[in-house]
Amino acid sequence: MKVLVTGGAGFIGSNFIFHMLRSYSNYRVVCLDLLTYAGNLTTLASLEKNPNFRFVKGDITNRELIFELFREEQFDFVVNFAAESHVDRSIENPGVFLTTNIIGTQILMDASKYYGVKRFHQVSTDEVYGDLPLNRPDLLFTEKTPIHTSSPYSASKAAADLLVQAYGRTYQLPITISRCSNNYGPYHFPEKLIPLIISRALNNSKVPVYGDGSNVRDWLYVEDHCKAIDIILHHGENGEVYNVGGNNEKSNLEVVKIILNELEKSESLIEFVKDRAGHDLRYAIDSTKIKNDLGWQPEELFETGIKKTIQWYLDNRKWWELIISGDYKQYYENMYQNK
Ligand code: NAD
Ligand code: DAU
């Protein structure tokens, strides 16, 4: 099988590539990534000599490049992780979110249709469902919950989801969509809550908590998300949406305190800062469908997953220190200038 993974130099995409190459020794995996600020080729450095792996630097909105790559590789599966993914950035600069997340998805589907891929999988998010109230723990997002978005980021992901479903129905493109809750684990870019708190606390810097820290997220260890996508790709039904969640609801303040406690840092590092505009209150996923239909459920407990994650950031200080200093951007130039 030949698999195209877009956005594979980012957090979840890179973990997915490692998962696929570990799990299927006869698969060829091609990573297409623009290497925006969030894409980091040092993450994939260990695969440089792997004969089953190829890295291509490119933009999913570049129609010519995409069609040429599909012609050359004749992919069986396409898994689209490539996106602008940070809510705060979408509030500052929405335009690029619409271009990458919507138009990019359309161009990938046009190529998938033209070259007859066996499955186009869209990696979506629980944020397309908007948020849930804090005082109704009985309410969860199911696949039937109406789309109702809060940020330019989530609106762009929702628009892409609708387009993916439209391509499924109108052109019979074999599509699936997964809508996952908040991931955490290795290679998470240190602008997002968990790696931001770990990296700042390790440097004894203040850790910013938006509002009063009561907003709730449902945390899932990244490897569990990768396994879910793998199962959907191979066994999911064409045209279906699958929710993927961790059954692991925690307020932001709880998460921050757990991390500070693990690192033996004082809670006096916590700094309550101005809230995010339009801040979603609570996400909580009902994963019954993927459990019943495909047999997937989360394996990692938050208590063990967060310890593993913190240990990873302790063991891989160079990885995030290069990001914070900006030097990681040089890696591609250094490695690829003569290739
Ligand atoms: P990320 O920001 O870490 O990685 C995104 C990757 O996409 C980067 O490597 C970036 O260089 C690449 N990219 C951006 N624009 C591109 C373009 N125009 N062409 C090619 N590549 C481009 O994101 P992530 O957290 O790994 O999220 C991956 C996907 O999963 C996204 O679609 C996101 O919406 C979705 N998702 C994320 C989470 C989460 O908790 N992080 C949860 C559910 C769903
Ligand atoms: O739910 C899935 C989504 O999870 C993905 O679709 C997004 O791509 C991903 O970025 C993530 O979105 P969130 O906005 O939930 O993640 P973030 O890490 O930015 O923030 C998590 C919570 O922590 C949120 O309530 C905002 C809060 N926060 C965040 C930052 C960066 C803080 O309190 N302080 C911070 O400095």
Side-chain angles (χ1 to χ4, degrees), residues 5-16 31-41 43-44 56-62 65-66 79-91 96-97 99-101 103-105 107-108 122-129 131 141 150-151 153-154 156-157 160-161 178-185 187-197 200 206-220 222 225 228-229 243-246 250-253 255-256 270-276 278-285 332:
V5 178
T6 68
F11 166 44
I12 310 175
S14 59
N15 278 284
F16 182 73
C31 170
L32 174 76
D33 197 297
L34 183 57
L35 299 180
T36 66
Y37 81 93
N40 186 349
L41 207 50
T43 301
L44 301 173
V56 178
K57 183 178 177 191
D59 191 336
I60 57 167
T61 69
N62 182 338
L65 175 139
I66 294 297
V79 187
N80 183 26
F81 290 92
E84 289 292 335
S85 70
H86 193 35
V87 173
D88 293 328
R89 287 180 189 257
S90 81
I91 296 167
V96 66
F97 284 73
T99 311
T100 296
N101 298 2
I103 305 298
T105 302
I107 289 171
L108 287 170
Q122 176 71 356
V123 182
S124 186
T125 169
D126 60 359
E127 297 202 15
V128 301
Y129 299 122
D131 63 354
F141 296 135
S150 311
S151 70
Y153 162 71
S154 55
S156 69
K157 294 294 290 185
D161 279 16
S178 51
R179 294 184 180 145
C180 189
S181 60
N182 287 61
N183 286 212
Y184 67 101
Y187 302 110
H188 203 179
F189 197 85
E191 67 182 348
K192 307 283 170 61
L193 181 72
I194 287 184
L196 182 90
I197 301 302
R200 289 186 67 83
K206 288 280 185 192
V207 297
V209 173
Y210 296 166
D212 61 5
S214 62
N215 302 61
V216 168
R217 297 293 183 264
D218 173 8
W219 293 98
L220 179 73
V222 63
H225 187 187
I229 295 172
N243 280 356
V244 180
K250 297 232 176 308
S251 76
N252 294 336
L253 197 54
V255 170
V256 170
I270 295 173
E271 185 172 47
F272 292 97
V273 299
K274 188 165 172 269
D275 208 354
R276 171 184 281 173
H279 199 171
D280 279 336
L281 292 173
R282 170 175 166 252
Y283 304 144
I285 281 269
Y332 180 83

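Predicted model only: the values in this text are computed from it and were never measured. Along the sequence shown, residues are numbered consecutively beginning with 1. For ligands, and for the atoms within them, numbers begin at 1 and follow the listed sequence.
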Next item on the list: State the atoms of ligand 1, each with its element, that fall below the 4.0 Å cut-off from a heavy-atom position in Lys157.
Entry: 31 (C), 32 (O), 33 (C), 34 (O)

Next item on the list: Give yes if a backbone or side-chain nitrogen or oxygen of Arg276 is under 3.5 Å from a nitrogen or oxygen of ligand 2, and no if not.
Entry: yes

Notebook entry, point to check: So is Tyr37 in contact with ligand 1, going by heavy-atom distances below 4.0 Å?
Noted result: no

Notebook entry, point to check: Given Gly185, Gly7, Ser85, Ser181, which has its nearest heavy atom closest to atom 42 (C) of ligand 1?
Noted result: Ser181

Notebook entry, point to check: Hey, which of Asn15, Asn183, Asn182 is the one that makes side chain to side chain donor-acceptor pair (under 3.5 Å) with His225?
Noted result: Asn183

Item checked: Any N or O of Phe81 closer than 3.5 Å to N or O of ligand 1 -> yes

Check: When only distance counts, is Asn182 in polar contact with ligand 1, meaning an N/O pair under 3.5 Å?
Finding: no

Item checked: Shortest non-hydrogen contact from Leu32 toward Ile66 -> CD2-CD1, 3.4 Å

Next item on the list: Before signing off on this row, confirm whether Val209 and ligand 2 have an N or O atom pair separated by under 3.5 Å.
Entry: no

Notebook entry, point to check: Taking distance alone, with no angle check, do Asn40 and ligand 1 share an N/O pair under 3.5 Å?
Noted result: no

Notebook entry, point to check: Which option, Ile12, Asp126, Thr125, owns the non-hydrogen atom nearest atom 38 (C) of ligand 1?
Noted result: Ile12

Check: If you count the atoms of ligand 2 from 1 in the order shown, which ones are under 4.0 Å from a heavy atom of His86?
Finding: 19 (O)

Margin query: If I apply the N/O under 3.5 Å rule, does Phe189 come out as touching ligand 1?
Written below: no

Check: Is any N or O atom of Tyr153, backbone or side chain, closer than 3.5 Å to an N or O atom of ligand 2?
Finding: yes

Margin query: For the 3.5 Å polar cut-off, considering only N or O atoms, please tell me whether Leu32 and ligand 1 meet it.
Written below: no

Item checked: ligand 2 contact by Glu191, heavy-atom criterion under 4.0 angstrom -> yes

Item checked: Closest heavy-atom pair and its distance - Ile60, Asn80 -> CD1-OD1, 4.3 Å

Margin query: Please verify the inter-ring angle class for Phe189 with Tyr37; under 30° counts as parallel, over 60° as perpendicular, anything in between as tilted.
Written below: perpendicular

Notebook entry, point to check: Out of Gly58, Ser124, Cys180, who gets a non-hydrogen atom closest to atom 44 (C) of ligand 1?
Noted result: Ser124

Next item on the list: Consider every N or O of Tyr210 and every N or O of ligand 2, then say whether any pair is closer than 3.5 Å.
Entry: yes

Next item on the list: Could you tell me whether His279 and ligand 2 have an N or O pair separated by under 3.5 Å?
Entry: yes

Next item on the list: Find all atoms of ligand 2 within a distance of less than 4.0 Å from any non-hydrogen atom belonging to Lys192, and give their numbers and elements.
Entry: 10 (O), 18 (O)

Check: Purely on distance, is any nitrogen or oxygen of His225 under 3.5 Å from one on ligand 1?
Finding: no

Notebook entry, point to check: Do any nitrogen or oxygen atoms of Tyr283 come within less than 3.5 Å of a nitrogen or oxygen of ligand 2?
Noted result: no

Note to self: Under 6.0 Å from the ring centre and within 45 degrees of the ring axis: does the NZ or CZ of Arg276 meet both conditions for the six-membered ring of Tyr210?
What the structure shows: no

Notebook entry, point to check: How does Phe11 reach ligand 1, if at all, at less than 4.0 Å between non-hydrogen atoms: by side chain, backbone, both, or neither?
Noted result: both

Check: Is there any N or O on Ser181 that sits under 3.5 Å from an N or O of ligand 2?
Finding: no

Next item on the list: Between Val222, Leu34, Leu193, flag the one that comes closest to atom 16 (C) of ligand 1 by a heavy atom.
Entry: Leu34

Margin query: Counting non-hydrogen protein atoms only, what is the nearest one to atom 23 (O) of ligand 2? Give residue, atom name and distance.
Written below: Asn252 ND2, 3.3 Å

Notebook entry, point to check: Any N or O on Leu193 sitting closer than 3.5 Å to an N or O of ligand 2?
Noted result: yes

Check: Is it the side chain, the backbone, both or neither of Asn183 that has a heavy atom closer than 4.0 Å to ligand 1?
Finding: both

Check: Nearest protein heavy-atom contact for atom 12 (O) of ligand 2: which residue, which atom, what distance?
Finding: Glu127 OE2, 2.8 Å

Item checked: atom 4 (O) of ligand 2: nearest protein contact (heavy atom, Å) -> Asn182 ND2, 3.1 Å

Notebook entry, point to check: Is any N or O atom of Gly10, backbone or side chain, closer than 3.5 Å to an N or O atom of ligand 1?
Noted result: yes

Next item on the list: Give the atoms of ligand 2, by number and element, whose distance to some non-hydrogen atom of Thr125 is under 4.0 Å.
Entry: 1 (O), 2 (C), 3 (C), 5 (C), 6 (O)

Checklist line | Nearest candidate to atom 30 (O) of ligand 1, where distance is taken over non-hydrogen atoms, out of Leu108, Val123, Asn80, Val56 | finding: Val123

Check: When you measure from atom 8 (O) of ligand 2 to every protein heavy atom, which one gives the shortest distance, and what is it?
Finding: Ser85 O, 2.8 Å

Next item on the list: For atom 1 (O) of ligand 2, grab the closest protein heavy atom and report residue, atom and distance to one decimal in Å.
Entry: Asp126 OD1, 2.5 Å

Notebook entry, point to check: With backbone taken as N, CA, C and O and side chain as the heavy atoms from C-beta onward, which portion of Leu196 lies under 4.0 Å from ligand 2: side chain, backbone, both, or neither?
Noted result: side chain

Next item on the list: Looking only at protein heavy atoms, identify the closest one to atom 34 (N) of ligand 2 and say how far it is in Å.
Entry: Pro208 O, 2.9 Å

Check: Short N/O distance, under 3.5 Å, between Glu84 and ligand 1?
Finding: no

Notebook entry, point to check: Of all heavy-atom pairs between Thr99 and Thr61, which one has the smallest distance, and what is that distance?
Noted result: O-CG2, 3.5 Å

Note to self: Tell me the contacting part of Leu35 for ligand 1: side chain, backbone, both, or neither, using a 4.0 Å heavy-atom threshold, strictly below.
What the structure shows: backbone

